[in-house]
Amino acid sequence: MSSFFLRTLREDPADAELPGHKLLVRAGYVRRAAPGVYTWLPLGLKVLRKVEAIVREEMEAIGGQELSFPALLPKEPYEATNRWTEYGDNLFRLTDRKGTQMLLGPTHEEMFCLAVKDMYTSYKDLPLTLFQIQNKYRDEARPRAGVLRGREFIMKDSYSFDIDEAGLQKAYDAHRDAYIKIFDRLGFEYVIVHADSGAMGGSASEEFLAVSPNGEDTFVRDASGYAANVEAVVVPQAPPVEVTAGPAHVEDTPDTPTIDTLVAALNANHPRTDGRAWTAADTLKNVIVMLAHPADEDHEEPWREPLAIGVPGDREVDPKRLEAQVAPAEVEGFEEADFAKHPTLAKGYIGPGVLGSEQASGIRYLLDPSIAEGSAWVTGADEHGQHVIDLVHGRDFTADGTIQAAEIREGDPSPQGEGTLTLARGVEMGHIFQLGTKYAEALGLKVLDENGKLVTVTMGSYGVGVTRAVGVIAEDNHDEQGLIWPRALAPFDVHVVAAGKSEEIFGAAEDLSAQLEAKGVSVLYDDRAGKVSPGVKFKDAEIIGVPTILVVGKGLAEGVVEIKDRRTGERREVPVAEAVEALIGEVRGQS
Ligand code: ATP
Ligand code: MG
């Protein structure tokens, strides 16, 4: 340690919120270079390499072949798939000295697809799985929690190439099994959830989420084992119900622009005839957003389109669910200026009377699937201060379709399993994805089949967040004093502390360290002399978090040293002569 490139910090970094992130910085594993961009110091790099090694082993075990693409990429392949524009602001674009536009790869479907197209021509060349462990670049809107969400980060990305659906399914299943092995070895709690397919376009897709209260992703599960990312929950269409409501009638409801004020006014001035009180769930709320679409086949320039979403008044539109539904379009607010352009919209009193592509506003109108045909609603009458009561879906109004955008709540019925849903939070650690032929078609990746006919190759893409994994493990494994690495990922096997001043102590500590290293046990030896007190050394050992600490101190005079387990806090004294054996037992015995 006297020459190791390491300085531990007493103070928390100002920009860190999560404890694991703070500790990675304070214990000298990483340093921030720019927002969302991190330097891996020697200690951190050791952990990172161990994670990489586990990922590499399991990828090779399913026959994956490693290669490495550049991060600096040409624009053309990404134009061919439209991701140059679809990726939006998250893509790092740059221009070289000749004026040629390039990008920093956010993920590499295009490049892998083209590489296979370059080299392979026949079904006999397939199946094929290629992978890399490489830097990715995304200009994330909100880089967060250090390495958990970086703008530069390491991903293992792999891609499978098959001649048919059955082959793709096999490759997908192999990846799924490999990911289970990887995440079991990394040792954090995770769930496998149905995922939204997002901007990638494609069918089957699952995510591996590390379960964590600080996670940015919300997932649901039920008692039967069904689990899904909240974006992927598909609420079934409510079946039609018999119409029981009388004719719709417009009522004056002054100063009721919100659901709360409306419900209060209804109960005060327009009580129900069946004796129960009006609730927010009786109202139909119409939310207008602006969709910002990228340029596409039909639009040379990016274009904007208003969208109206009808949800029961006791639910919000969930921005993440909505985004997933409309991707690659981005969701923006519907501003005063937009209202000015749509005079049929009465802000606060918008109703289905003007919504829909066939109606006065011309604004596309999509309903939450819980809104059954035949059900009656209180909703805006499209005049300031007026609502309409008993407006029946299917009888008095229709929409252009449905959308899965309303919030999902704890206790909602499980859509695909049994019982009700519970909600929890997680961090996406891995994503497996059946792409199908989308990329191969766009880039012309075809091979000859058995009959000499050209067929489009079908692809899968699979990612693991390698730097993110270090962040998640740090969040999961620490106490007040510092990090506590699981054995398999610790930067060193044993942290040897020379606690004292005498030459005997330093001599014995050095000798024990050498013996351990000779047996293949890696040692971080705190040989700092002079002003560095044993107290400082113990504090550093705690914050660094090597799972086994050997203290060579006062006991040496009686021929004993102390072995401390950083994970349990247990200490035991062993005779010097037995120390190496005991430590090897600790290191090899437990995993
Ligand atoms: P997220 O929803 O967290 O933004 P994503 O779905 O965009 O992730 P993918 O494109 O599926 O990410 O990438 C594969 C894996 O790479 C993710 O499962 C995650 O572990 C990791 N990853 C993605 N973005 C980042 C990032 N900004 N920083 C660190 N790791 C990331
Ligand atoms: Mg993903």
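Note that ligands are numbered from 1 as they come in the structure, with each ligand's atoms numbered from 1 the same way.
Counting heavy atoms closer than 4.0 Å to ligand 1, residue Leu148 contributes backbone atoms (N, CA, C, O) but none from C-beta onward. If you look at Lys136 next to ligand 1, there are no close heavy atoms at all, none under 4.0 Å. Contacts with ligand 1 closer than 4.0 Å are made by side-chain heavy atoms of Met155 only, the backbone lying farther away. Under 4.0 Å from ligand 1, the heavy atoms of Arg468 that appear belong solely to its side chain. Residue contacts with ligand 1, taken as heavy atom pairs separated by less than 4.0 Å, do not involve Glu216 at all.
Here Lys117 pairs with nothing under the salt bridge (Lys or Arg N to Asp or Glu O under 4.0 Å) rule; sequence neighbours left out.
Between Lys170 and Asp162 there is no salt bridge, since no side-chain nitrogen of the basic residue lies less than 4.0 Å from a carboxylate oxygen of the acidic one.
Note: no N/O pair closer than 3.5 Å links Val147 and ligand 1 by distance alone. Note: an N/O pair closer than 3.5 Å links His431 and ligand 1 by distance alone. Between Phe153 and ligand 1, no N or O atom pair is found at a separation short of 3.5 Å. Geometrically, ligand 1 and Gly463 share no nitrogen or oxygen pair separated by less than 3.5 Å. Checked by distance only, ligand 1 and Glu140 come closer than 3.5 Å through their nitrogen or oxygen atoms.
Counting non-hydrogen atoms of neighbouring residues, nucleotides and ligands closer than 6.0 angstrom, the CG atom of Asp89 reaches no more than 12 such neighbours.
Arg93 places a side-chain N or O within 3.5 Å of a backbone atom of Trp84 that can act as its donor or acceptor partner. Within the 3.5 Å criterion, the main-chain N or O of Ala178 finds no donor-acceptor partner in the side chain of Glu58. Without hydrogens or angle criteria, Asp412 side chain to Arg409 main chain gives a donor-acceptor distance under 3.5 Å.
Gln325 contributes atom CD, which lies 11.5 Å from atom CD of Glu323 (distance to the nearest 0.5 angstrom). Atom CG of Leu423 sits about 9.5 Å away from atom CD of Glu407, to the nearest 0.5 Å. From Glu109, atom CD reaches atom CE of Met111 across 12.0 Å, with rounding to the nearest 0.5 Å.
Listed by first and then second residue, the salt bridge (charged side-chain N to carboxylate O under 4.0 Å, His left out) pairs that reach into residues 209-218 are Arg144-Glu216, Arg149-Glu216, Asp217-Lys320, sequence neighbours excluded. Residues in residues 38-51 take part in these salt bridge (charged side-chain N to carboxylate O under 4.0 Å, His left out) pairs, two or more places apart or across chains: Arg49-Glu52.
Here is the list of ligand 1 atoms found below 4.0 Å of a heavy atom in Met429: 18 (O), 20 (O). Contact atoms of ligand 1 toward Gly430: 18 (O) (distance under 4.0 Å to a heavy atom of the residue). Annotation for ligand 1: atoms under 4.0 Å from non-hydrogen atoms of Arg138 are 5 (P), 7 (O), 9 (P), 10 (O), 12 (O), 13 (O), 23 (C), 24 (N).
When the heavy atoms of Arg151, Glu428, Arg149 are ranked by distance to atom 4 (O) of ligand 1, first place goes to Arg149.
By the 4.5 Å heavy-atom criterion applied to side chains, Val464 and Val51 are not counted as neighbours.
Any protein N/O/S atom under 2.8 Å from the Mg ion (ligand 2) was counted, giving 2 altogether.
Using a non-hydrogen distance threshold of 4.0 Å, Val427 does not register as a contact of ligand 1.
You'll find the ring centres of Tyr462 and Phe131 outside the 6.0 Å limit.
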